[in-house]
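All values derive from a computational prediction rather than experimental measurement. For ligands, and for the atoms within them, numbers begin at 1 and follow the listed sequence.
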Amino acid sequence: MEAMDKLITPYGEKLVNLLVDQARAETLRHEAINFKSLDLNRRQQSDLELLLNGGYSPLTGFMNQADYSQVLNDMHLADRTFWPMPITLDISADMAATLSVGDQIALRDAEGFMLAVLSLEELWQPDKVFESQALFATDDPRNPGVAYLNSKVGTHYISGKLEGLSLPLRHDYPSLHQSPEELRKSFARRGWRRIIAYQSHQPLHRAQYEFTLRSAMAYEANLLIHPVIGSALPDHPEYFTLMRCYQAIMPRFPSATTDLALLPLHPRCSGMREILWKAIVQRNYGCTHLIVGGEHTNLGGTRRGMDLFQTDGKQANEAQRNIVGVELIPFPRMVYVEERAQHLPEEEVPKGMRTATLTGIELKRRLVEGLKIPDWFSYPEVLRELRNTYPDRSKQGFTIFFTGLSGAGKSTIAKILTTKLLEMGGRQITLLDGDVVRKNLSSELGFSREHRDINVRRIGYVASEITKNHGIAICAPIAPYQATRRDVRAMIEPYGGFFEIHVSTPLEVCESRDRKGLYAKARAGIVKEFTGISDPYEIPENPELLIDTTDISVEEAVQQILLKLEREGYLR
Ligand SMILES: Nc1ncnc2c1ncn2[C@@H]1O[C@H](COP(=O)(O)OS(=O)(=O)O)[C@@H](OP(=O)(O)O)[C@H]1O
Ligand SMILES: Nc1ncnc2c1ncn2[C@@H]1O[C@H](COP(=O)(O)OP(=O)(O)O)[C@@H](O)[C@H]1O
């Protein structure tokens, strides 16, 4: 590449800025009581941000039908500008039925804060099968892009003049959320011209660090580490861990030549179209090169950018890449070479030398099981951050979720288990017994299926919060329905351990115990909808443990649970 004396121009030569001035913003805010409202989801907010701040230059709004169709057909806008990705604003059929051309629609964030106003010009129903085929070369719902389009994207698209009032508000890492204009200014001030972007999705370990640095040297370029955060959950601990991992590794890069900023782009999983689209965005942010690939995969090592060129590259001819004007640098499959004590692209490894890689799944396993992660794989400061979020199991939170008939022994076992765990110490413990919850959290509820579900989900929510904060939640509701128990499991498992314990004492035994006299009342029809008598109990399919208390003592039951927890590494 020849020497450049200026920053690369934006795609389409001019950086778009759709934020209106103060006076216009005031007028729009004043008029907004008469506007229709649309609360944007994360992806729509990401697209709006990149439209408003010029990341999508030369687009000046969500696409109209002519641009949308042309982009799907041959990756061009209606005016023949090359553009590979549809950028559309979707709404539900219900909302579509209330709209007519000329309406003004307030686009709001999840809290209802108005970010922009769209004056409706077009409303149409896309052919999602056609869109799936164009973007993902399939309409198979197992493809994540197709699944998103079918389940999360509304039935209608809208377009029209877009006026921005505010970029989405962010309270996390304000200095890292830099717009194209801000980054360009900062590059210009520092005299940066040739800039390689690395759009990371995961922490940088040694392979990514070595390759990005090596690329910067080979191309005599500066480096922008540009994590893609448009789809991240900004209130989720994993997001903050990821950010801390980036911040932890930055001091290893030469600070005068490397920068870190966040890219609010929401990925689409759409192969070569996606790469070219990301390259355009990156050009708008002032970058001349884009490293493609480099994520840690579950299959082994790092994903090679080269794979994408080989599978989808046929459509991405040289001409398209030239039009975008950003040089693509494929990330090779990096492996660790022991004799060299460094990572090398697989192709460059001299014959006979021993190599090593660690898969994403294996990394996670080692983190949660507290096992060693080899020094060649990452840096201590990055691993420290990861270990804080994924502490080994003896420090993770977990939920013990008892389920079973009334009188099966749930509360009794739960109480003694709580005492035993308190004796051991180490974590905060909360007992969410059925009766206690019904008194304090669910006093307005009865025993219909709907009410039982609400009750059990509330318990699940509280338990998930406790588990997230590394505590122990012990729950003892009847929880008669399989689907609800499955939902509760899904709420908790991402944060720590989940043990469903079916206290499977048979109905006859529970009835003969009849501690509260409720079975007698149920038989007499005085108590209605009584589980096991006049209401269903769906047997758990795959509980972690099954305890029938007919012939065992409470102490024995509790021992079974403690042994299970110990075997799984939750007790040390
Ligand atoms: N109709 C009916 N069916 C079942 N249980 C009844 C009913 N009416 C009152 N009770 C008492 O309420 C306790 C069960 O409440 P849960 O919150 O655990 O039930 S559920 O999970 O919401 O289904 C349950 O307590 P346990 O005996 O400790 O299980 C009963 O004492
Ligand atoms: N191994 C055992 N575990 C738990 N409870 C037992 C056991 N053996 C007998 N029981 C008796 O069974 C009854 C269970 O009642 P409870 O714990 O309130 O059940 P649940 O909470 O499932 O409705 C208690 O009276 C308890 O003393």
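Taking every heavy atom of L518 and a limit of under 4.0 angstrom, the matching atoms of ligand 1 come to 30 (C), 31 (O). Those atoms of ligand 1 with a heavy atom of E529 less than 4.0 angstrom away are 1 (N), 2 (C), 3 (N). Taking every heavy atom of V456 and a limit of under 4.0 angstrom, the matching atoms of ligand 1 come to 21 (O). Near S406, the atoms of ligand 1 lying under 4.0 angstrom from a non-hydrogen atom of the residue are 26 (P), 27 (O), 29 (O). Distances below 4.0 Å separate heavy atoms of R438 from the following atoms of ligand 1: 15 (O), 16 (P), 17 (O), 19 (O), 20 (S), 22 (O). The contact set between ligand 1 and D435, taken as ligand atoms under 4.0 Å from a residue heavy atom, comprises 13 (C), 25 (O), 28 (O).
Neither the backbone nor the side chain of S442 has a heavy atom within less than 4.0 Å of ligand 1. When heavy-atom distances to ligand 1 are checked against a 4.0 Å cut-off, V437 has no atom that comes that close, whether in backbone or side chain. The proximity of L445 to ligand 1, defined as any non-hydrogen pair under 4.0 Å, does not occur for either the backbone or the side chain. Only the side chain of K516 comes within 4.0 Å of ligand 1, judged by heavy-atom distances. The parts of T531 lying near ligand 1 are both backbone and side chain, judged by heavy-atom distances below 4.0 Å. Counting heavy atoms under 4.0 Å from ligand 1, residue F530 touches it through both backbone and side chain.
With hydrogens left out, the protein atom closest to atom 10 (N) of ligand 1 is F447 CZ, 3.4 Å, a heavy atom. Atom 3 (N) of ligand 1 has as its closest protein heavy atom R452 NH2, 3.1 Å. Among protein heavy atoms, atom 14 (C) of ligand 1 sits closest to I478 CD1, 3.6 Å.
The backbone N or O of C510 sits nowhere less than 3.5 Å from a side-chain atom of T505 that would complete a donor-acceptor pair. Between the side chain of E385 and the main chain of V382, no donor-acceptor pair closer than 3.5 Å is present. Using a distance-only test at 3.5 Å, with no hydrogens or angles considered, no donor-acceptor pair links the side chain of R457 to the main chain of T484. With hydrogens and angles ignored, the 3.5 Å screen pairs no side-chain donor or acceptor of D433 with any backbone N or O of V436. Proximity of a side-chain donor or acceptor of T155 to a complementary backbone N or O of A93 within less than 3.5 Å is detected. At distances below 3.5 Å, at least one donor-acceptor pair connects side-chain atoms of Y246 with backbone N or O atoms of Q202.
The salt bridge (Lys or Arg N to Asp or Glu O under 4.0 Å) pairs that include a residue from residues 393-419 are D392-K395, where partners are two or more places apart or lie in different chains. Within the structure, every pair that satisfies the salt bridge (Lys or Arg N to Asp or Glu O under 4.0 Å) test and touches residues 539-552, not counting sequence neighbours, is listed here: R489-E544.
Ring geometry for Y148 versus H266: interplanar angle of 30 to 60°, hence tilted. Ring geometry for Y68 against W124 counts as tilted: the plane angle lies between 30° and 60°, on a 0 to 90° scale. Ring pair F398/F499 is perpendicular by interplanar angle, where above 60° counts as perpendicular and below 30° as parallel.
In this structure, R485 satisfies the cation-pi test against Y537, with its NZ or CZ atom closer than 6.0 Å to the six-membered ring centre and inside 45 degrees of the ring normal.
When every heavy atom of D103 is checked against every heavy atom of T98, the shortest pair comes out as OD2-O, 4.0 Å. In terms of heavy-atom proximity, P506 sits nearest to T550 at CD-OG1, 3.3 Å.
Heavy atoms of K528 approach ligand 1 to within less than 4.0 angstrom. Contact annotation: K410 has at least one heavy atom less than 4.0 Å from an atom of ligand 1.
Remark: Q428 pairs with no residue by the side-chain hydrogen bond (donor to acceptor under 3.5 Å, both in side chains) rule, at least two apart or across chains.
Contacts of ligand 2 (protein heavy-atom distance under 4.0 Å) are L405, S406, G407, A408, G409, K410, S411, T412, I413, R513, R515, T549, I552, S553, V554.
Checking only distances, A479 does come within under 3.5 Å of ligand 1, N or O to N or O.
Remark: among candidates T403, V436, N455, the nearest residue to atom 20 (S) of ligand 1 is N455, based on non-hydrogen atoms.
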